[in-house]
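The structure appears below as structure tokens.
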Amino acid sequence: MALRVQYSNRISMTEHPALVLAFDLHFEDLYTTEGLARVDAAFLDWLRESSAALAGRLAEARTNPGALSLKERSGLILELSPLFEDFLGEMFGINRELNALRAEYNSLAPLLAVKRKFVQRGKQVLAMKPADAAALDVSALQAKLEEFIGGALTEDSYARAVEGWLADAPSHANQLTTAAQYAAWALHTPEGRRAHKKGVLFKKPEKVDMFRLVEIETLTSPVASGTIDKFRLPEEEWRRRQGFHLTDHGYSTTGALDEADYCIHCHNQAKDSCRTGLYEKDGSFKKSVFGVTLAGCPLDEKISEMHEAMVAGQPLGAVAIIAIDNPLAAGTGHRICNDCMKACIFQKQDAVNIPQAETRALKNVLELPWGFEIYSLLTRWNPLNFERWLPRPDTGYKTLIVGLGPAGYTLAYQLLQEGHTVAAIDGLKIEPLPAHISGVEHHGLRVPCEPVHDVNRLYEDLDDRVMAGFGGVAEYGITVRWDKNFLKIIRLLLERRTGFSMFGGVRFGGTLTADSAFDLGFDHIALCAGAGRPTVIDMPNSLSRGVRQASDFLMALQLTGAAKEASIANLQMRMPVVVIGGGLTAIDTATESLAYYPRQVKKFAARYDVLVRERGEDEVRRFWNEEEREIAEEFLSHARQLQAEDEAARNEGREPYYLPLLHSWGGATIAYRRRLIDSPSYTLNHEEVRLAMEEGIWFSEGLSPVSVGVDRFGHAASLT
């Protein structure tokens with residue numbers, strides 16, 4: 001599927017086709033308990049007509065789900081999946097678009113089969129040593145292959161040609177030999193790997209060295225007391241990031257299907273450790289070499305079954321399988337959690353990238369016509385869930401949830417499914433969504449909402465997006481490495497439900513106390529208000545200007561709007577940047593510092609220039625003190641250099657490249673007291689370390705802060 005990045009800052013649903021549901025159903029049915037029961041009845045009638053035997057087995061499973069073995073349960077789910085997908089396609093009137101997406105999935109079968117059978121396991125390819133591959137004349141090989149193929153050499157054309165040649169191998173021995181030589185070159189040589197870096201056909205699982213999960217080089221830098229070593233990625237792997245647009249769009253459909261096909265679908269042998277964890281002989285969970293418990297998916301998600309459905313060309317069925325155990329998949333997957341990947345059955349070679357496959361599966365469904373409504377429906381009604389295919393009836397219980405971060409919104413969803421009424425509060429101001437999208441007027445009254453035909457109408461460019469307040473740490477703590485448009489998806493899954501209401505700008509213990517909550521009629525209070533206190537390092541000058549908590553920096557950057565180009569919010573930072581710590585917060589702080597500094601100084605210079613034109617330079621500078629003058633000159637100098645790079649890039653028809661300038665001003669270095677391989681970011685999610693280093697940050701190990709040195713103005717100037 002082609003990657004679509006179409007954003008709209010204004011939400012309007014007025015220009016879309018009308019949603020006409022089949023089976024005598026109506027849009028309103030999707031959001032009421034009674035309506036969902038009608039949807040379920042329509043599916044059962046449809047299933048009985050399609051397969052009476054399968055309908056009978058589903059009825060038995062609902063009556064006594066505990067009687068099913070794990071293998072029987074998986075088998076029934078996978079048998080129901082394609083029929084359930086057909087029903088949804090018919091119900092929403094999207095058979096044409098759904099069949100096109102299925103065809104895209106199925107069209108990748110030759111590529112995946114040739115990769116598995118010929119490129120990775122073919123005798124001719126395996127027989128070639130790297131030295132022999134390096135000696136090949138690749139230009140001649142490419143020319144011969146294009147002659148054999150009868151067109152341009154691409155991974156797709158290569159795979160389809162090889163598939164045909166293998167069907168009659170004796171007649172195509174010459175073609176297969178040439179194809180094997182090219183595959184060996186692409187697999188074994190640096191030039192070949194670079195040529196196919198963005199593809200999947202010539203990527204093979206590599207052996208894992210847990211102590212070299214990130215390939216780095218060492219840079220020795222002079223400091224006042226001598227030198228220190230900094231780790232970095234090679235310069236050719238740095239990315240040219242600009243501003244605060246989404247930095248990682250994730251895998252394409254091809255990449256996701258490649259991962260799903262790489263999975264050995266070991267639920268059939270009850271060895272799907274990605275779901276259940278890896279065990280020692282005594283029954284305890286295994287640990288990684290870094291002491292991380294390999295417990296698998298905490299949600300018990302049916303990952304192997306999802307992959308099997310994807311490879312079978314069932315995009316809706318795969319997401320329905322995900323939603324059995326992980327209905328809020330918009331808040332997990334790519335860039336958020338990887339417990340499943342850590343516990344993958346492949347421990348000595350590259351693991352299956354499950355988070356990428358899961359997120360692409362969801363994105364593909366969301367991008368279908370009415371895709372949001374289909375996903376939303378699956379979070380409330382899912383016949384593949386034999387225990388809870390419908391929400392429970394209203395219990396009369398009312399719960400107050402304090403905090404609307406991941407814990408709060410997940411608990412809210414689960415309580416709504418249990419039939420309880422939920423009110424949630426958060427200390428952050430929550431910006432209202434248009435009533436025709438959320439179904440809630442600004443004063444809290446319920447109004448009819450409109451169906452979402454194109455999910456892209458909901459999305460906003462992250463560089464322009466206004467912080468909405470919903471999502472807690474997912475809103476202000478996670479940077480633009482993750483698509484925060486998913487927060488709007490999750491919010492709408494909750495806000496459209498009649499049993500849910502939320503209120504921003506309410507501080508528990510101040511505006512609302514436990515006693516007053518119980519006086520209002522709540523039966524329970526759930527505290528989902530976040531983690532512990534920030535770490536304050538006890539050292540001289542730790543509170544001097546220029547020193548701040550990393551989490552405070554990220555919150556200020558996101559919530560004040562300082563990161564926005566048009567914002568007048570003031571968040572002052574100076575180069576160089578040193579971040580103390582080794583977790584993901586440190587990683588985020590380092591990358592966002594490098595992204596924010598150019599924006600800060602260019603905004604300063606732009607406003608300075610406007611004032612100078614209006615009032616003259618002497619008037620603008622008249623009331624600056626010595627420190628302000630020094631900082632202003634520094635900012636203006638750096639801004640002029642950035643502007644010169646912008647001009648050069650325009651003249652040369654390329655993207656601006658700020659990293660050399662940022663590095664010349666000191667760059668951003670993470671200083672960690674232990675080794676890189678001991679840091680939480682490395683042991684828990686080394687992919688994040690690598691992706692952060694692609695943005696040009698440095699990492700220094702074995703450094704513990706002793707004191708902050710200050711200049712004559714009392715501003716941080718050095719770190720010992």
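The two atoms that bring I401 and C528 nearest to each other are CG2-SG, 4.2 Å, heavy atoms only. Smallest separation of non-hydrogen atoms from L30 and L36: O-CD2, 3.5 Å. A pairwise comparison of heavy atoms in M310 and A357 identifies CE-O, 3.8 Å as the closest pair. Scanning both residues, A412 and F500, for their nearest heavy atoms gives CB-CE1, 3.9 Å. Taking both residues in full, the closest heavy atoms of G561 and A569 are given as C-CB, 4.3 Å, listed atom of the first, atom of the second, then distance. Smallest separation of non-hydrogen atoms from P451 and L19: CB-CD2, 3.8 Å.
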For this session: Take I321 and I77 through the side-chain contact (heavy atoms from CB on, under 4.5 Å) test and state the conclusion after the steps.
Result: CA-CA 8 Å; I321 291 171; I77 287 171; 3.7 Å; yes
Problem set entry | S516/T513 under side-chain hydrogen bond (donor to acceptor under 3.5 Å, both in side chains): CA gap, chis, key distance, verdict | CA-CA 5 Å; S516 59; T513 65; 3.0 Å; yes
Problem set entry | Y375/L366 under side-chain contact (heavy atoms from CB on, under 4.5 Å): CA gap, chis, key distance, verdict | CA-CA 7 Å; Y375 170 52; L366 286 170; 4.0 Å; yes
For this session: Assess whether salt bridge (Lys or Arg N to Asp or Glu O under 4.0 Å) is satisfied between E418 and R388, documenting all intermediate values.
Result: CA-CA 9 Å; E418 291 291 328; R388 182 66 53 78; 2.9 Å; yes
For this session: Any chance you could lay out the salt bridge (Lys or Arg N to Asp or Glu O under 4.0 Å) test for E367 and K363, step after step, and finish with the verdict?
Result: CA-CA 6 Å; E367 290 176 355; K363 285 180 178 178; over 6 Å; no
Problem set entry | Worked verdict on E687 versus R335 for salt bridge (Lys or Arg N to Asp or Glu O under 4.0 Å) | CA-CA 9 Å; E687 293 90 350; R335 307 306 297 268; over 6 Å; no
For this session: Determine, stepwise, if the pair Y105 / N364 fulfils side-chain contact (heavy atoms from CB on, under 4.5 Å).
Result: CA-CA 11 Å; Y105 277 49; N364 283 353; 3.0 Å; yes
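Two rings, from Y409 and F470, have their centers less than 6.0 Å apart. Remark: aromatic rings of W381 and F84 are close, center separation under 6.0 Å. For F23 and F87, the ring centers sit closer than 6.0 Å to each other.
Between H249 and R360, every side-chain heavy-atom pair lies at or beyond the 4.5 Å cut-off. Side-chain contact between I322 and L362: absent, with no pair of heavy atoms (C-beta onward) separated by less than 4.5 Å. Annotation: side chain of L400 is in contact with side chain of F508 (closest heavy-atom distance under 4.5 Å). When side chains are defined from C-beta on, M341 counts as touching P355, because their heavy atoms get closer than 4.5 Å. Side-chain contact check for L80 versus P383: every heavy-atom pair is 4.5 Å or farther apart. Side-chain contact between R491 and L487 is absent, with no heavy atoms from C-beta onward closer than 4.5 Å. Side-chain contact between P369 and F92 is absent, with no heavy atoms from C-beta onward closer than 4.5 Å. Residues L404 and M502 have side chains in contact (heavy-atom distance under 4.5 Å, counting atoms from C-beta outward).
With no hydrogens or angles considered, no side-chain donor-acceptor pair links E460 and N485 at under 3.5 Å. With no hydrogens or angles considered, a side-chain donor-acceptor pair links T332 and E358 at under 3.5 Å. Counting only N and O atoms by type, the side chains of Q356 and H334 include a donor and acceptor under 3.5 Å apart. A donor-acceptor contact under 3.5 angstrom links the side chains of T395 and H420, judged on distance only. A donor atom on one side chain and an acceptor atom on the other are found under 3.5 Å apart for D646 and Y658. Side chain to side chain, E259 and N353 fail the donor-acceptor criterion of an N or O pair below 3.5 Å. Residues Q314 and S81 bring a donor and an acceptor atom of their side chains to less than 3.5 Å of each other.
The existence of a salt bridge linking R38 and E28 is excluded, since no basic side-chain nitrogen approaches an acidic carboxylate oxygen closer than 4.0 Å. A salt bridge is absent between R465 and D483; no separation between the charged side-chain nitrogens and carboxylate oxygens falls under 4.0 Å. Salt bridge R241/E655: absent, no basic N to carboxylate O contact under 4.0 Å. By the 4.0 Å N-to-carboxylate-O rule, D463 lies close enough to R599 to be salt-bridged with it. Classification of K429 and E431 as a salt-bridged pair holds, one side-chain N sitting under 4.0 Å from a carboxylate O. K602 has no carboxylate O lying under 4.0 Å from a charged side-chain N of E565, or vice versa, which leaves the two without a salt bridge. A salt bridge does not link E387 to R62: none of the charged nitrogens lies less than 4.0 Å from a carboxylate oxygen. R275 and D300 are joined by a salt bridge, as a carboxylate oxygen and a charged side-chain nitrogen come within less than 4.0 angstrom of each other. Salt bridge status for D325 with K302: present, with a side-chain N to carboxylate O gap under 4.0 Å.
Counting non-hydrogen atoms of other residues, nucleotides and ligands closer than 6.0 Å to CG of D519 gives a total above 12. Few gaps surround CZ on R240; more than 12 heavy atoms of other groups in view lie less than 6.0 Å from it. Atom CZ of R607 has more than 12 neighbouring heavy atoms from other residues, nucleotides or ligands inside a 6.0 Å radius. No more than 12 heavy atoms of other residues, nucleotides or ligands sit less than 6.0 Å from atom CD1 of I568. Within a 6.0 Å radius of CZ in F518, other residues, nucleotides and ligands contribute more than 12 heavy atoms.
No donor-acceptor distance shorter than 3.5 angstrom exists from the side chain of K488 to the backbone of A468, with no hydrogens or angles considered. Of the possible polar contacts, one joining the N382 side chain to the A320 backbone as a donor-acceptor pair under 3.5 Å is found. Side-chain atoms of D523 come within 3.5 Å of backbone N or O of K398 as a donor-acceptor pair. Formation of a donor-acceptor pair under 3.5 Å by the N326 side chain with backbone atoms of E301 is not found in this model. E373 contributes a side-chain N or O that, together with a main-chain N or O of V452, makes up a donor-acceptor pair within less than 3.5 Å. In this structure, the side chain of N99 engages the main chain of N95 through a donor-acceptor pair within 3.5 Å. In terms of modelled atom types and a separation under 3.5 Å, the side chain of R446 and the main chain of E441 share no donor-acceptor contact. Side chain of D29 to backbone of H26: a donor-acceptor contact under 3.5 angstrom is found. The backbone N or O of T585 lies less than 3.5 Å from a partner atom in the side chain of T589, making a donor-acceptor pair. Remark: the backbone N or O of V480 is paired with a side-chain donor or acceptor of T247 at under 3.5 angstrom.
Applying side chain to side chain donor-acceptor pair (under 3.5 Å) to Q558 and the options E475, K484, E592 leaves one that passes, K484.
In this structure, OH in Y476 is found 10.5 Å from CD1 in I478, a value given to the nearest 0.5 Å. Between the CG atom in L21 and the CG atom in L377 there is a gap of 9.0 Å [rounded to 0.5 Å].
In this structure, R380 satisfies the cation-pi test against Y31, with its NZ or CZ atom closer than 6.0 Å to the six-membered ring centre and inside 45 degrees of the ring normal.
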